[in-house]
Amino acid sequence: MWGANRWNIMRRFLPSLSALQAFEAAARYMSFTKAADELAITQSGISRQINNLEQYLGVRLFERSGSRLVLTDPGANYFQEVAQMLNKLEEVSIDAVRGRKADASLMIGAHPGLATRWLAPRLGGFVAKNPGMPIEVVPVDSEVNFEQSRIDIAIMRGVGSWPNTRVSLLFPEQLAVVASPKLIPATTKLDRLDFSHLPTLQNASRPSLWLSWLRTAKLAHSGVIQGIRFANSEMLISAALSGLGLAVVPWHYVEQELARGELHLPFGDPVQSSESYWVAFSERKTQRQSVKSFRDWLLSETRNDRSKSRS
């Protein structure tokens, strides 16, 4: 009898792992449907797991506000802790498989265009200095929640202000109008843009680029901004290379094409946009060696760009 009571006293108060995963995914997406898709179970399965968890804890974690799913105050607090716990559990599990500490690995977030066009061609330099370090590069948008993701460090575009994040300036963004010699001869220099006569290409992911460039370049122009819309910078640059039209792109994305003469600048030098590129990481990871190494390498790699912007 004493032994049974002793076992009950020592037994941990722990919900099932599947219930915690269902709750974390539902809270992250604020959607039972998306959580079900991620975990490859039914929506009713997610609902059942969360109902079981709420009964186990004795608190409501979610409530409905009209058609919206929202976290209760206890649910929001619980989500923050559970997300960190699951991330840590995943980390130590990977350690066990790899036979090395996850501290030695690095997950890098970057905008897809920057990752493809600027980071990937240079990353070999970092790899050479850090042989054996497991590295993963994943896409991010304009916001990264380092507390709720596995991303260790990110290259972000913006004004350098993100909550609970350490940032360092890499370089200001420079915007350029580029053209293929197939569209406009490489020696041609233009001082006016007539949108009704020259074909232009649009970037659906950054629809204000043409207006931003026109305001900063102060170029005389006429006609309505129009043209084929592409979903992202990579598609846009590919279309510009084929001679399909003029495109506004970050200069750093097309350095190699400009150097090879595959693209040129018919309207002159790039202009500086209102945004810059920054290296950003959680304040919790300031002492992580892999994060410090990558930050220092990025700052070294972009030193000349920062110097040029100040001159």
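Because the structure is a prediction, the values reported are computed rather than measured.
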**Item:** side-chain hydrogen bond (donor to acceptor under 3.5 Å, both in side chains) contacts in which one or both residues fall within residues 15-36, not counting sequence neighbours
**Value:** Ser16-Ser18, Ser18-Gln49, Glu24-Arg28, Arg28-Glu38, Tyr29-Glu38, Thr33-Gln43
**Asked** Can you name the residues that form a ring-ring contact (aromatic ring centres under 6.0 Å, His included) with Trp251, not counting sequence neighbours?
**Response** none
**Message:** Looking at Lys218, I'd like to know if its NZ atom is crowded, meaning that more than 12 non-hydrogen atoms belonging to other residues, nucleotides or ligands lie closer than 6.0 Å.
**Reply:** no
**Request:** Can you sort out the partners of Ile228 under side-chain contact (heavy atoms from CB on, under 4.5 Å), two or more places apart, ordered by chain and number?
**Result:** Leu201, Phe230, Leu244
**Item:** Residues which pass side-chain contact (heavy atoms from CB on, under 4.5 Å) with Ser222, listed by chain and number, not counting sequence neighbours
**Value:** Arg192, Asp194
**Item:** Non-neighbouring partners of Met107 that pass side-chain contact (heavy atoms from CB on, under 4.5 Å), sequence neighbours left out
**Value:** Glu136, Val138, Arg150, Ile151, Asp152
**Message:** Ring-plane angle category for Trp118 and Phe171, please: parallel below 30°, perpendicular beyond 60°, tilted otherwise.
**Reply:** tilted
**Path from Leu265 to Val271 over hydrophobic side-chain contacts below 4.5 Å** = no
**Asked** Considering residues at least two apart in sequence or located in another chain, which fulfil the side-chain hydrogen bond (donor to acceptor under 3.5 Å, both in side chains) criterion with Ser276?
**Response** none
**Prompt:** How would you list all residue pairs meeting ring-ring contact (aromatic ring centres under 6.0 Å, His included) that involve residues 173-204, not counting sequence neighbours?
**Reply:** Phe195-Trp210
**Message:** Suppose we screen for side-chain hydrogen bond (donor to acceptor under 3.5 Å, both in side chains). Which residues come up paired with Glu255, at least two apart in sequence or across chains?
**Reply:** Arg122
**Request:** Check side-chain hydrogen bond (donor to acceptor under 3.5 Å, both in side chains) between His252 and all other residues, then give those that pass, not counting sequence neighbours.
**Result:** Asp305
**Item:** Other residues, nucleotides, ligands: >12 heavy atoms within 6.0 Å of Arg260 CZ
**Value:** yes
**Fill in**
Lys129 meets the side-chain contact (heavy atoms from CB on, under 4.5 Å) criterion, sequence neighbours left out, with Trp297
**Asked** Who pairs with Glu63 by salt bridge (Lys or Arg N to Asp or Glu O under 4.0 Å), at least two apart in sequence or on another chain?
**Response** none
**Request:** Not counting sequence neighbours, which residues clear ring-ring contact (aromatic ring centres under 6.0 Å, His included) with Phe23? List them please.
**Result:** Phe62, Tyr78
